[in-house]
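Notes to accompany the following structure.
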Number of protein chains: 2
Amino acid sequence: MENLSHCIGENLKRLRAEQALSLDGVAKLSGVSKSMLGQVERGEVSPTVSTLWRIANGLKVSFSSLVKRSQDDPEVIPRDEVGPLIEDGGKVRNYPIFPFDAERSFEMYRVEIDPGGYLPAEGHNTGAQEFITLHSGQLAIRVGEAEHTLDPGDSIRFKADVPHSYHNPGGDLARMSMVIYYARSS
Amino acid sequence: MENLSHCIGENLKRLRAEQALSLDGVAKLSGVSKSMLGQVERGEVSPTVSTLWRIANGLKVSFSSLVKRSQDDPEVIPRDEVGPLIEDGGKVRNYPIFPFDAERSFEMYRVEIDPGGYLPAEGHNTGAQEFITLHSGQLAIRVGEAEHTLDPGDSIRFKADVPHSYHNPGGDLARMSMVIYYARSS
DNA sequence: TGAAATTGTGCACTATAATGCACAAAAAGT
DNA sequence: ACTTTTTGTGCATTATAGTGCACAATTTCA
């Protein structure tokens with residue numbers, strides 16, 4: 001279940017089927033147009049919370065039942081299905097594989113840094129930690145004052161609640177996995 | 001906590017305060033513009049689920065923590081704060097006082113019908129029931145084939161999963177409270 | 001098997017969510 | 001007290017959610 005919109009679409013389609021309703025039927029019950037309902041089901045749009053609320057009311061289901069992601073287990077995320085966040089003019093590409101989830105309270109990225117690429121980062125929440133494994137290329141990580149250099153296969157864990165930065169000093173593409181963990185708050 | 005947008009605004013404002021962040025800070029963390037965040041906090045807009053999701057990620061909180069309504073208890077809904085759904089060209093005014101909530105699984109309306117006003121209704125979900133108390137005026141309710149006439153102070157309960165209708169045959173305004181209960185599904 | 005109703009999709013148009021910049025008020029630093 | 005930074009709001013513009021109608025495919029019923 002890739003993105004939220006697509007997930008909502010699946011939920012709506014399922015809930016509608018359970019009540020054996022047509023798009024037209026749901027439209028009359030909820031006051032949301034048939035076209036919009038179709039687009040939501042296909043995951044083509046990101047509905048506003050107000051329309052989502054009207055749909056939930058029309059179907060007499062909870063708001064969260066439309067938003068909740070089915071916890072498929074195991075869950076496979078194909079490489080091509082996740083687009084990168086571009087940094088440093090394209091030299092740094094950040095692929096969010098498992099985005100933040102309040103349940104598990106960490107997020108996982110796949111990061112690529114071209115030779116010479118540089119990415120500074122502000123400190124995260126207090127207590128946050130990062131776990132990085134470098135798979136290929138070279139990586140220099142600065143945390144506060146200290147700098148650490150990683151070779152392929154090396155890993156690092158550090159407290160990420162202070163400013164830090166990533167830099168590829170080598171001549172090859174640097175590829176790594178990064179996990180950011182957020183300390184559970186009150 | 002009147003409507004959903006206003007409710008989300010309160011949640012965001014509170015969560016932002018807990019982390020001692022400025023609008024600008026949340027904007028940087030979430031990728032949502034400062035202006036939009038301000039409008040969301042003030043309840044001026046109904047954000048899309050995607051922006052709400054980005055905000056939740058930026059703050060590292062769950063999606064539902066932004067949507068959840070604080071269960072104030074007791075909860076007072078002033079008369080003027082709830083606008084009517086207009087039917088039969090204005091002769092029937094339907095005020096949703098306590099909208100549907102999956103938790104309690106019923107909803108409550110205050111309904112006014114002018115003399116001669118008529119409102120047909122399709123059957124609701126199977127197992128649904130209606131509970132009506134007439135406070136003033138006259139009310140004739142047709143359920144399936146049978147018709148029932150109510151005088152001020154009378155109440156009625158009936159299975160509402162079949163087509164039914166409301167009619168004011170008298171010369172005075174008919175005022176009533178209506179509760180619709182939906183049988184809990186699997 | 002044809003007519004009539006019902007289903008979901010496509011498209012032009014409208015309403016509004018979302019952005020970026022500028023501004024005024026408050027807070028912090030000198 | 002004056003400057004400098006940070007705070008939140010207002011406004012013009014852009015992007016997109018949302019609507020209504022029409023269409024094609026399917027289903028229903030005579």
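Letters A, B, ... are given to chains in the order of the sequence lines, protein chains preceding strands, and every chain is numbered from 1. The structure presented is a predicted model; accordingly, all values stated were derived computationally and were not measured.
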> B:Ser33 side chain N/O closer than 4.0 Å to the phosphate oxygens (OP1, OP2) of C:dA18?
Replying inline: no
> When only distance counts, do a donor and an acceptor, one from the side chain of A:Lys34 and one from the base of D:dG20, lie under 3.5 Å apart?
Replying inline: no
> If you look at every strand shown and take non-hydrogen atoms under 4.0 Å, does B:Gln39 touch a base, only sugar-phosphate, or nothing?
Replying inline: base
>> Over all strands shown, is A:Ser22 touching base, sugar-phosphate only, or nothing at heavy-atom distances under 4.0 angstrom?
In response: sugar-phosphate
> Hey, are A:Asp151 and A:Gln138 close enough side-chain-wise for a donor-acceptor pair under 3.5 Å?
Replying inline: yes
> For the pair made of CH2 in A:Trp53 and C1' in D:dG18, what is the distance, rounded to whole Å?
Replying inline: 18 Å
>> Under 4.0 Å from OP1 or OP2 of C:dA17: is there any side-chain N or O of B:Arg54 that close?
In response: no
> Over how many whole Å does the gap from A:Asp24 atom CG to D:dG20 atom C1' extend?
Replying inline: 12 Å
>> Just the rounded figure in Å: distance from P of C:dT7 to CG of A:Leu21.
In response: 10 Å
>> Is the phosphate of D:dG18 approached by A:Ser35 (side-chain N or O, under 4.0 Å from OP1 or OP2)?
In response: no
> Can you check the A:Arg16 CZ to C:dG8 P distance for me, whole Å?
Replying inline: 5 Å
>> In terms of relative ring orientation, are A:Phe63 and B:Phe63 parallel, tilted or perpendicular, with 30° and 60° separating the classes?
In response: parallel
> How close or far is atom P of D:dT6 from atom CG of B:Leu37, stated in whole angstroms?
Replying inline: 18 Å
> Can you tell me if B:Arg14 and B:Asn11 form a side-chain donor-acceptor pair at under 3.5 Å?
Replying inline: yes
>> Looking only at the side chain of A:Arg42 (C-beta and beyond, no hydrogens), which of the listed nucleotides D:dT19, D:dG10, C:dT9 gets closest?
In response: C:dT9
> Is a side-chain donor-acceptor pair under 3.5 Å present for B:Ser30 with B:Arg54?
Replying inline: no
> What's the CG-C1' distance between A:Leu23 and D:dA25, to the nearest Å?
Replying inline: 14 Å
> Hey, is A:Glu147 close enough to A:Arg142 for a salt bridge, meaning N to O under 4.0 Å?
Replying inline: yes
> NA contact type, A:Gly25, heavy-atom cut-off 4.0 Å: base, sugar-phosphate, or nothing?
Replying inline: nothing
> Expressed in angstrom and rounded to an integer, what is the separation of A:Ile8 atom CD1 from D:dG18 atom P?
Replying inline: 11 Å
>> I want to verify a distance call: between C:dT19, C:dG10, D:dG18, whose nearest atom is closest to the B:Met36 side chain?
In response: C:dT19
> NA contact type, A:Thr48, heavy-atom cut-off 4.0 Å: base, sugar-phosphate, or nothing?
Replying inline: sugar-phosphate
>> Heavy-atom nearest nucleotide on DNA chain D for A:Leu52 versus B:Glu44: which residue maps closer to 5'?
In response: B:Glu44
